[in-house]
Amino acid sequence: MKPPPFRYHDPRSLDEALDLLASHENAKLLAGGQSLMPMLNMRFAQPDHVIDINGIDDLAYIRETASGIEIGAMTRQHDLEVSQLLQRRCPVMIEALHQVGHRPTRNRGTIGGSLCHLDPAAELPLVAAALDVTIHVKSRRGARSMPMAAFPAFYMTPSIEPDEMVTSIDFQPWSEGHGYAFVEFARRHGDFAIVAAAALLEVSADGAVTRASATLGGVGPAPLRCEGVENALVGNRGSATLFREAAEANRAIDAMDDVHASVVYRQNLAVELTSRALGKAFERASERSSS
Ligand SMILES: Cc1cc2nc3c(=O)[nH]c(=O)nc-3n(C[C@H](O)[C@H](O)[C@H](O)COP(=O)(O)OP(=O)(O)OC[C@H]3O[C@@H](n4cnc5c(N)ncnc54)[C@H](O)[C@@H]3O)c2cc1C
């Protein structure tokens with residue numbers, strides 16, 4: 001199918017893009033186009049105006065600041081994947097990116113586009129939830145920020161207004177020797193996950209978990225932080241038994257069902273993948289602290 005007719009706009013600055021968003025109703029931003037173009041072609045989206053933000057160079061960057069790491073919304077997924085800074089300070093994002101689509105989709109797809117498209121099984125929103133990132137949004141009315149936990153409004157819909165644009169995210173990286181893992185189950189490599197799990201762990205010299213983040217994707221409309229799992233870990237010595245028992249809390253999650261998998265299948269995957277992610281993260285924390 002072909003997209004419905006729309007007027008194309010090609011702003012060269014953030015101000016120009018925000019003016020266009022403020023003055024045109026039923027407008028859509030075009031970032032990497034890897035989700036928007038299929039949505040247009042299938043006529044799931046029928047905007048009157050498409051505002052192409054690829055000409056705004058200063059929205060694409062990865063930088064270390066006094067308070068953490070800041071990433072511009074138009075940063076390509078490939079640029080994140082090869083970033084030395086992220087490899088060193090946020091390796092879970094790199095591991096997740098290797099499972100996002102295919103090289104050509106990552107060459108064009110952006111972090112802002114992935115967060116705003118908010119597919120329930122997408123890897124980057126899951127990582128954003130695992131890291132508790134802050135999302136920065138601008139419009140002609142001003143700027144505001146929100147935690148990732150408040151970003152999803154409902155299914156595939158971020159809580160931003162039609163005249164607002166996501167401009168960047170930032171987060172505080174975990175300690176240098178933290179353990180991390182991103183694991184997913186998909187029908188084929190490059191497909192969206194049926195269920196995915198991310199784990200971040202800080203571990204003391206005697207093997208006790210001092211900080212934990214456990215997050216699932218693909219089980220509901222938005223990434224799910226597994227607080228029950230996290231609470232069961234902190235203060236205890238890491239072991240396969242601990243991780244398996246803690247992950248069992250995910251058997252009770254309110255999982256969705258669809259043509260790909262039933263509720264029970266997703267609950268089983270949630271337990272299994274969480275347990276594997278925690279085990280891998282713990283192993284890496286132990287290796288990284290001893291090297
Ligand atoms: C074959 C194929 C396989 C894929 N597999 C995966 C996969 O396994 N995992 C995965 O996560 N993704 C996958 N994707 C999707 C891909 O990661 C997209 O890049 C991503 O979902 C959207 O990013 P984009 O930059 O292309 O955004 P676009 O498609 O340009 O935009 C997506 C939506 O976000 C809005 N938007 C974009 N930027 C902003 C902004 N800054 N502020 C506000 N709104 C904005 C747009 O208006 C649109 O509604 C796949 C895509 C393809 C084509």
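Both counts, for ligands and for their atoms, begin at 1 and track the order of listing.
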Q.
Can you confirm whether Asp58 is buried at CG, in the sense that more than 12 heavy atoms of other residues, nucleotides or ligands lie under 6.0 Å from that atom?
A. yes
Q: Give the residue, atom name and distance (to 0.1 Å) of the protein heavy atom nearest atom 38 (N) of ligand 1.
A: Ala31 CB, 3.5 Å
Q. Which of the atoms of ligand 1 are close to Ala122, meaning less than 4.0 Å from one of its heavy atoms?
A. 11 (O)
Q | Protein heavy atom at shortest distance from atom 20 (C) of ligand 1 | A | Ser35 OG, 3.4 Å
Q | same_hphob_cluster(Tyr61, Ile69) at 4.5 Å side-chain heavy-atom cutoff | A | no
(Q) Among all protein heavy atoms in this structure, tell me which lies nearest to atom 52 (C) of ligand 1, with the distance rounded to 0.1 Å. (A) Thr105 CG2, 3.6 Å
Q) Can Met39 be said to touch ligand 1, with heavy atoms closer than 4.0 Å? A) no
**Q.** Contacting atoms of ligand 1, where contact means under 4.0 angstrom from a heavy atom of Gly109
**A.** 19 (O), 25 (O), 26 (O)
Q. Under 3.5 Å, N or O to N or O, is Leu36 touching ligand 1 that way?
A. yes
Q: Please check if the side chain of Thr157 supplies one atom and the backbone of Ala153 the other of a donor-acceptor pair under 3.5 Å.
A: no
Q. For ligand 1, is Asp191 a contact, meaning one of its heavy atoms is under 4.0 Å away?
A. yes
Q | Identity and distance of the protein heavy atom lying nearest atom 44 (N) of ligand 1 | A | Cys116 SG, 3.3 Å
Q. Is Met37 touching ligand 1 with its side chain, its backbone, both, or neither, if touching means heavy atoms under 4.0 Å apart?
A. neither
(Q) Could you identify the single nearest non-hydrogen protein atom to atom 47 (O) of ligand 1 and state the distance to 0.1 Å? (A) Leu29 O, 2.6 Å
Q. Counting from 1, what ligand 1 atoms have a heavy atom of Gln99 closer than 4.0 Å?
A. 8 (O)
Q: Examine Gly33 against ligand 1 and note whether any of their N/O atoms are separated by less than 3.5 Å.
A: yes
(Q) Among residues at least two apart in sequence or on other chains, which ones pass side-chain hydrogen bond (donor to acceptor under 3.5 Å, both in side chains) with Gln267? (A) none
(Q) When you measure from the side chain of Ser275 to the backbone of Ala247, do you find a donor-acceptor pair of N or O atoms at a distance under 3.5 Å? (A) no
Q: Verify the distance criterion only: is there a donor paired with an acceptor across the side chains of Asp257 and Ser262 at less than 3.5 Å?
A: no
(Q) Can you tell me if Arg187 has over 12 outside heavy atoms packed within less than 6.0 Å of its CZ? (A) no
Q: Would you check if there is a donor-acceptor pair between the side chains of Gln34 and Thr105 at a distance under 3.5 Å?
A: no
Q. Under 3.5 Å, N or O to N or O, is Lys28 touching ligand 1 that way?
A. yes
Q | Proximal ligand 1 atoms for His117, defined as those under 4.0 Å from one of its heavy atoms | A | 21 (O), 32 (C), 34 (O)
**Q.** Pro38 N/O to ligand 1 N/O under 3.5 Å
**A.** no
Q. Under the 3.5 angstrom rule, does the side chain of Arg108 hit a backbone N or O of Ala31 as a donor-acceptor pair?
A. no
Q. Less than 4.5 Å apart, any side-chain heavy atom of Ser145 and any of Val137?
A. no
Q) Under the ring-ring contact (aromatic ring centres under 6.0 Å, His included) rule, what pairs show up with a residue in residues 1-20, not counting sequence neighbours? A) His9-His24, His9-His49
Q. What's the shortest distance from atom 27 (O) of ligand 1 to any protein heavy atom, and which residue and atom give it?
A. Gly113 CA, 3.4 Å
Q. With a 4.0 Å cut-off on heavy atoms, does Leu124 reach ligand 1?
A. no
Q. Taking distance alone, with no angle check, do Met165 and ligand 1 share an N/O pair under 3.5 Å?
A. no
(Q) Return the closest protein heavy atom for atom 41 (N) of ligand 1 as residue, atom name and distance. (A) Val166 O, 2.9 Å
Q) Is there a heavy atom in Gln77 that sits closer than 4.0 Å to ligand 1? A) yes
Q.
Using the side chain to side chain donor-acceptor pair (under 3.5 Å) definition, which of the options Gln77, Glu81, His78 pairs with Arg106?
A. Glu81
Q. For atom 16 (C) of ligand 1, what is the nearest protein heavy atom, given as residue, atom name and distance?
A. Gln34 CB, 4.0 Å
Q) Can you tell me if Arg284 uses its side chain to pair, donor with acceptor, with the backbone of Tyr180 under 3.5 Å? A) yes
Q.
Does any N or O of ligand 1 fall below 3.5 Å from an N or O anywhere on Ile160, backbone included?
A. no
Q) So, Asp132 side chain and Ala149 main chain: donor-acceptor pair closer than 3.5 Å or not? A) no
